[in-house]
Amino acid sequence: MASFDAVVTVRRTRYVNEATGWAVLDVAGEDGASVVLVGPLVHLEDHERARVIGTWVHDSRFGRQVKVTEARPLPPSDADALIAYLRRVKHVGLRRAAALVGRFGPDGVLDAIDRDPATAFAGVGLGRGRAVQEAARSWEGLRAMRRLHLMLAPHGLAYLVPRVQEHFGEGAARIVAARPYELTSVFGVGFQIADRIALGFGAPLEGPARARAGVLHLLGEAERSGSTCMPLTALRAGLAELLGVSDPPGEAFIDEVVESGDLARSGEWIYRRPTAELEAELAERVRGLLSSEPAGRLSPPSAADFASAVSQDHDAAPELNAEQLAAVRAAFVHRLSLITGGPGTGKTATIRTIGSVASAQGARVMLVAPTGRAAIRMTEATGITARTVHSALGWIPGEGPSHDEEDPLACDLLIVDESSMANLELMVTLLRAVGPRTCVVLVGDADQLAPVGAGKPFAELVSSELVPTARLTHIFRQAAGSMIVQGAHAIRRGEAPDFAVTGPEMRRDLFLIERPDEVAARQEIVSLVASRLPAHYGIDPITDIQVFAPVYRGELGIDRLNDALREALNPDGPPVRGGRFRIGDKLMLTGRNLHEIGLMNGMLLRLLDEISSDGDDPALLLSAEEVIFRLPPEDADRLKLAYACSVHRGQGIELPVAIIVAHPAGGAFFLRREMLYTAITRAKIATVIVGTRDVVRRAARTPDTGRRHSRVVERLLEG
């Protein structure tokens, strides 16, 4: 595609979407030739000159046009064009517009008015009363998007203009200019971006606004890494490095920010205030459940209850071991109980029995799971209709859950599967919806990788020994015949899996393919995904196979693997979003959940089409689990290729085949026990590890030492 870089003059605006910043413009080049521009152009006005950079593309409906990546307004060289623009301001008109151009000159009039609209307009006869104030407000509205674009475009951030404008309103440009660190409150703007802009505006290196933004950034990054808080010493050390200063603000400064309401402090532990409040609330709700007695239709199960359950469900309770029986009884004796165990230890059978016994007592049972795939699997395995947590909570787009303390979930027993995936915020939101007579059973695997987001409440509650907990350790016969299950339990013990078939009853579903050369290893993965595994197992290479890798960069990094796999699986997909994606691509949503349209972080998606009307910035049509979604264009930057992904992003995935990179050149240092354990258990049919045996051994014996700071247990003990 040929590049485009030229100065143009806007002739006519064909289409504009104020919400996304997308526009279609007819322009003229300096030679007078007509050109159609499409892209983030809402800041350009008719008759305005601009330096435009982009790429020539051919649209099947609209023909040859330029897809714009940057458009920087230039001072108009034509006085008539300036006058035509200025007369659009309320109360200015033709005479005053000409006077403004005459007073400040064609090259300086726009900047002069931007600096002080009221003074500029007063100088051409509007006085100092109501008219000049209305003119100034009119000018602000007219120029807001353009000023934001001029501020952000030099930093490559023109795509953020609509988002910033929506967040701050008409005064967005003034706020960004005066308080640039407030940009960090806008989704997609981190500290580094805001800091670059602020320092460009002359902000001091050791100013309090910079330090405050730095503290909030470090705590936000800690939460993304799983912590809910940071010790003061670590926070100050991180702040020194982030700000590039030798003596960062000390305890007195932190206490000032605490007093302002942005932070919370508990001894040496520093939190973002909302996170501290969530952690305290979780402890309070857990204490409330532990201190109250079950009520309603539930009662400790008797032999007759088990007999009745078996009569209704022949798979329920026929051969439960002592660990499982204890878990079943705890579900009826305590308002909160936990069940934890690895693969093949009978968690699903235990859930099924609890549900059957409760139903036999006439109780209302609700089974939920964090992801749609998990809910479908639990419905099939237990016979109990399972729902996603967000569906059960009745999440309303743009508003949040409809079930809470005021309108709790209508059930006597709530069973939450895959609880290890629930972070602090999700767990609190769920417990808020538990009624005063409802029992809660949290089921999961405390040894799995911690959830995405702050906190790991399930594992913390298990380790606290303050909540009744059933630890399932016995591997049942059917599961014991799986090399995946045996390998997973070996990894839990810190041992490498045995990749040899050890007996006639052992199912060979775990493989190691050793490829010391990194390029050969990548080619092996592509061959496995594109042809050999689909042919052997009769599965779809895109929907039924997932590649997991520890890092993004390098020959065996996620980025390179995604490029290679896409070329093999979707070489001819029509390009969209400037070539970033292709129709047919396998994608994943990242960042915050989009509850308003039903898309969740980590959800695997298939790109079906790009849809637009009248040149509008096109939306993307996506599918997941037979459901169709329309993703607004402003959220398209939240998508990533997902032929390969990290284990953290894919921990909620369960599908037929998993391929894991365990290679010295593929981030071996970052592959730890919890990550390897979680990855090999994502597959139902087969797991293939590509790399070297030494990396697998090292990962199995190396637990994750990157501690998540969280204080749920301490808060429980304090209460």
Side-chain angles (χ1 to χ4, degrees), residues 286-287 289-361 363 365-369 378 381-384 411-420 422 434 438-448 457-480 485 488-489 492-493 713 716:
V286 169
R287 282 196 301 269
L289 289 168
L290 294 176
S291 62
S292 57
E293 297 292 330
R297 298 184 176 94
L298 295 175
S299 60
S302 62
D305 288 325
F306 280 102
S308 176
V310 172
S311 69
Q312 296 179 37
D313 178 1
H314 294 291
D315 290 327
E319 298 180 5
L320 295 188
N321 61 26
E323 296 169 342
Q324 292 173 296
L325 287 170
V328 174
R329 292 192 178 95
F332 294 83
V333 173
H334 304 284
R335 288 203 60 211
L336 176 64
S337 60
L338 314 175
I339 302 173
T340 183
T345 57
K347 294 192 298 294
T348 300
T350 306
I351 291 173
R352 187 170 60 240
T353 303
I354 292 171
S356 296
V357 171
S359 296
Q361 293 184 358
V365 179
M366 182 176 289
L367 175 58
V368 300
M378 290 309 297
T382 66
I384 305 170
C411 61
D412 302 297
L413 175 65
L414 175 66
I415 306 172
V416 186
D417 191 36
E418 298 282 5
S419 294
S420 59
V434 171
T438 299
C439 289
V440 180
V441 182
L442 303 180
V443 185
D445 186 346
D447 293 317
Q448 278 198 358
F458 180 75
E460 289 179 279
L461 293 176
V462 168
S463 67
S464 74
E465 300 188 352
L466 298 171
V467 182
T469 302
R471 291 176 170 83
L472 308 184
T473 58
H474 174 72
I475 305 175
F476 284 84
R477 181 177 178 181
Q478 183 178 1
V485 171
H489 284 275
R492 292 177 83 196
R493 299 190 299 269
V713 177
L716 284 171

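As the structure is a prediction and not an experimental result, all values here were calculated from the model.
In this structure, V368 and M366 approach most closely via the heavy-atom pair CG1-CG, 3.9 Å. Minimum heavy-atom separation, V357 to F332: CG1-CZ, 3.5 Å. Nearest heavy-atom pair, C439 versus A331, reported as atom, atom and distance to 0.1 Å: CB-O, 3.8 Å. What you find for V440 and L442 is that their closest heavy atoms are CG1-CD2, 3.8 Å. When all heavy atoms of G355 and V365 are compared, the pair lying nearest together is O-CG2, 4.0 Å. In plain terms, the two heavy atoms of L336 and P468 that are nearest each other are O-CD, 3.6 Å.
In this structure, the side chains of T350 and V328 come closer than 4.5 Å at one or more pairs of heavy atoms. Residues P301 and R329 meet the side-chain proximity criterion, which asks for heavy atoms closer than 4.5 Å. Contact of the I354 side chain with the I339 side chain is registered, since non-hydrogen atoms from C-beta on lie closer than 4.5 Å. The side-chain heavy atoms of S356 and T382, taken from C-beta on, include no pair separated by under 4.5 Å.
Within the 3.5 Å criterion, the main-chain N or O of Q448 finds no donor-acceptor partner in the side chain of S420. A donor-acceptor contact shorter than 3.5 Å links the side chain of Q324 to the backbone of G346.
Rounded to the nearest 0.5 Å, atoms CG (L414) and CZ (R335) are 11.0 Å apart. To the nearest 0.5 Å, atoms CG (L325) and OG1 (T353) are separated by 8.5 Å. For the atom pair E418 CD and K347 NZ, the distance stands at 7.5 Å (nearest 0.5 Å). To the nearest 0.5 Å, atoms OG1 (T340) and CG (D445) are separated by 5.0 Å. With values rounded to the nearest 0.5 angstrom, I384 atom CD1 is found 9.0 Å from R352 atom CZ. For the atom pair OG1 of T473 and NE2 of H489, the computed distance is 9.0 Å after rounding to the nearest 0.5 Å.
Legend: residues meeting side chain to side chain contact (heavy atoms under 4.5 Å, CB included) with S464, ordered by chain and number and at least two apart, are L466, V467, V713. Qualifying side chain to side chain contact (heavy atoms under 4.5 Å, CB included) partners for A363, counting only residues two or more places apart in sequence or in other chains: R297, L298, A358, D412. In this structure S419 satisfies the side chain to side chain donor-acceptor pair (under 3.5 Å) test with no other residue, sequence neighbours excluded.
The one candidate from V416, D417, L367 that meets the side-chain contact (heavy atoms from CB on, under 4.5 Å) condition with V443 is D417.
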Checking side chain to side chain contact (heavy atoms under 4.5 Å, CB included) for the pair M378/I351: CA distance, chi angles, key distance, verdict? CA-CA 9 Å; M378 290 309 297; I351 291 173; 3.6 Å; yes
